[in-house]
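The next block holds one structure in the form of structure tokens; read it before the comments.
So you know, we letter chains A, B, ... as the sequences are listed, proteins then strands, and number each from 1.
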Amino acid sequence: MNRNIRVRFAPSPTGALHIGGGHTALFNWLWARHNGGKFILRIEDTDLARSTKEYEQTIMSGMTWLGLDWDEGPDKGGDYGPYRQSERLDIYREYAEKLLSEGKAYRDGEAIIFRVEHGQDISFDDTVYGRIDVMSDGLKEKDSDKLKDIVIIKSDGMPTYNYAVVIDDHLMNITDVIRGEDHISNTPKQILIYRALGWDVPKFAHLPMILGRDKKKLSKRHGATSIYEYRDMGYMPDSVFNFLALLGWSAGDDKEIFTRNEAAELFELSRVTRRPAVFDFDKLNYINQEHLKRLDPMTRLNMIKPFWLEAGLPVDEVEKSRGENWLAEALTLMEGRGRTAKEMADFSDYFVSFEPVKKRWDASDVDKEKLREFFTMIFAQPVFKAPELEIAARDWVSAREGAKMKEYAMPLRFALTGMKVSPGIFEVAEHLGREECEKRLKFYGLL
RNA sequence: GGUCCCAUCGUCCAGAGGCCAAGGACACAGCCCUUUCAAGGCUGCGACGCGGGUUCGAAUCCCGCUGGGACCGCCA
């Protein structure tokens with residue numbers, strides 16, 4: 001615990017929150033919460049052409065969806081604001097003038113350029129990667145021996161990333177700069193600026209990249225990259241959080257399914273991995289399934305409902321007639337069948353309506369005559385509950401030479417669900433109730 | 001091309017010189033349960049990139065090679 005820890009997530013509002021950004025935000029959040037420190041959201045909107053307020057909003061709601069709450073930010077305020085770079089222009093200007101007057105920077109047209117000197121040791125200790133050795137002579141221009149100076153103020157008056165990030169991290173008292181590994185090569189340039197301003201450098205902790213299946217940095221062409229696409233596919237925030245936390249980190253034990261708070265408690269920056277990690281859908285699916293299983297019935301129902309609605313099922317009607325609990329119990333019966341909320345919704349649609357069942361099965365492949373006898377017996381049972389029904393069915397089957405449970409259970413399953421897979425069919429029957437089952441079987445002429 | 005980083009099963013992680021003939025999870029295959037599997041149980045397949053050192057002993061330390069990645073914008 002170190003309550004003085006201050007970390008930040010600093011996205012540029014030029015698109016929705018994507019997986020990589022979410023990963024970075026998540027690790028910052030974990031470190032802040034683990035230490036009881038502060039997590040700050042700073043909007044880096046110095047790219048006038050691409051930044052929009054809409055994206056800023058989208059990023060914030062994406063973080064909220066993931067469960068990453070921040071302590072200071074453009075919407076919340078705080079003692080170190082403003083938290084939007086476009087509102088800090090005077091500050092950047094002030095320090096640029098200082099650098100200018102000390103001869104550490106020079107003007108080039110409207111821009112202000114920071115001078116890079118030869119022979120500077122700009123190595124640093126990274127909390128994750130360890131010692132990283134760099135000399136300023138390495139900062140050459142492409143295909144040339146010329147040292148590359150750093151633009152700090154653009155011709156349009158806006159600060160550049162490498163400059164603004166230094167000013168802000170210092171002024172906002174950031175103790176740990178946690179960001180993607182793609183920033184390692186920017187760090188030495190930033191260190192040069194810290195030094196020129198006479199400031200101490202914060203700790204740096206770079207995170208391994210997230211790669212697509214082709215082992216290339218995750219990008220749009222790998223398919224779903226926006227956090228919201230995962231929500232729409234039926235992944236839960238808890239699962240995406242859990243999955244992302246496992247990319248580049250583990251508590252060291254075998255525990256892989258955990259809550260946000262458990263992760264925050266166990267998290268250690270020093271345990272972060274260095275190797276880039278491949279985004280694996282199979283693992284995400286598994287984690288989502290596990291979280292789906294652990295949900296309490298009502299929360300689970302609320303997760304599934306939108307997907308039933310999406311499929312055009314009369315959820316509200318059923319809720320009115322049979323109650324919310326009844327629907328929640330139907331999902332409890334599913335016992336972990338389905339990896340995403342969408343799958344679970346698809347696999348359980350027959351509880352909500354008979355219509356999809358009709359579309360899937362037409363009873364043309366069964367011997368109705370033979371089945372009618374069986375179903376008549378079933379519906380003659382005084383108690384329409386799973387154990388009783390099953391016993392009756394078994395007794396009936398065993399009394400017949402060569403008869404198999406399967407020959408009767410499967411048609412029942414098809415008539416009730418339209419699927420070849422479902423929870424125990426007598427449980428399904430009990431839950432649907434005598435009346436509804438009767439209706440479905442009669443529709444197929446099986447009763 | 002330059003700079004930097006990385007290197008354990010197909011994938012995600014464990015491993016911080018002897019406890020490792022390398023462990024867990026996902027995926028995959030098979031078996032079992034059974035009215036079905038997309039649920040549950042069990043088993044199996046499967047990796048320390050290569051070559052040199054250091055050491056009594058190396059997946060763990062060092063060097064080289066190879067392979068992969070990131071960055072080299074008045075984008076962030």
With a non-hydrogen cut-off below 4.0 angstrom, is [X] in contact with a base, only sugar-phosphate, or nothing?
X	result
A/E44	sugar-phosphate
A/R179	nothing
A/M419	base
A/R274	sugar-phosphate
A/Q289	sugar-phosphate
A/R50	base
A/I184	sugar-phosphate
A/A277	sugar-phosphate
A/H183	base
A/K215	sugar-phosphate
A/P11	nothing
A/S422	base
A/G248	sugar-phosphate
A/T14	nothing

Under 3.5 Å on both distances, the Watson-Crick or G-U partner of [N]:
N	answer
B/rC33	none
B/rC26	B/rG10
B/rA39	none
B/rU55	none
B/rC4	B/rG69
B/rC19	none
B/rC50	B/rG64

- [ ] Apply the side chain to side chain contact (heavy atoms under 4.5 Å, CB included) test between A/W249 and each candidate in A/T273, A/L266, A/L207, A/L269; give the one that qualifies.
- [x] A/L266
Pairwise [atom1] distance, [M] and [N] [rounded to whole Å]:
N	M	atom1	result
B/rA47	B/rU8	C1'	6 Å
B/rC50	B/rA22	P	15 Å
B/rG10	B/rC4	P	31 Å
B/rC65	B/rC71	C1'	24 Å

When you compare the side chains of [X] and [Y], does any donor N or O come within less than 3.5 Å of an acceptor on the partner?
X	Y	value
A/Y161	A/S12	no
A/Y55	A/D45	no
A/Q85	A/E44	yes
A/D362	A/S364	yes

Task: Heavy-atom pair of closest approach, residues A/D182 and A/S185 - done: O-OG, 4.0 Å
Task: Residue list, side chain to side chain donor-acceptor pair (under 3.5 Å) with A/E72, at least two apart or on another chain - done: A/R6, A/Y83
TODO: Run the salt-bridge test on A/R360 and A/D349 with the 4.0 Å N-O cut-off and return the result as yes or no.
DONE: yes
Open item on the list: Looking at A/K342 and A/D346, is any side-chain nitrogen of the basic one under 4.0 Å from a carboxylate oxygen of the acidic one?
Closed with: yes
Task: Start and end of the RNA chain B segment that chain A contacts, any atom under 4.0 Å from a heavy atom - done: B/rG1 to B/rA76
Under 3.5 Å, which donor-acceptor pairs do the side chains of residues 414-424 of chain A form with other protein atoms, sequence neighbours left out?
residue	atom	partner	partner atom	Å
A/T417	OG1	A/R413	O	2.7
A/T417	OG1	A/M419	N	2.9
A/T417	OG1	A/M419	O	3.3
A/S422	OG	A/R413	NE	2.8

TODO: For A/F114, enumerate each residue passing the ring pair (Phe, Tyr, Trp, His ring centres under 6.0 Å) test, keeping only those at least two apart in sequence or located in another chain.
DONE: none
Task: Validation row: A/I122, A/M135 side chains within 4.5 angstrom (heavy atoms) - done: no
Open item on the list: Any residue in residues 399-415 of chain A with a heavy atom nearer than 4.0 angstrom to RNA chain B? Just list them by number, or reply none.
Closed with: A/M405, A/K406, A/A409, A/M410, A/R413
Task: Members of residues 116-128 of chain A that approach RNA chain B, where some heavy atom sits under 4.0 Å away - done: none
- [ ] Would you kindly check if the NZ (Lys) or CZ (Arg) of A/R260 is within the cone defined by 45 degrees around the ring axis of A/F241 and under 6.0 Å from the six-membered ring centre?
- [x] yes
TODO: Using the six-membered ring wherever Trp is involved, compare the ring planes of A/F279 and A/Y230 and label them parallel, tilted or perpendicular (cut-offs 30° and 60°).
DONE: tilted
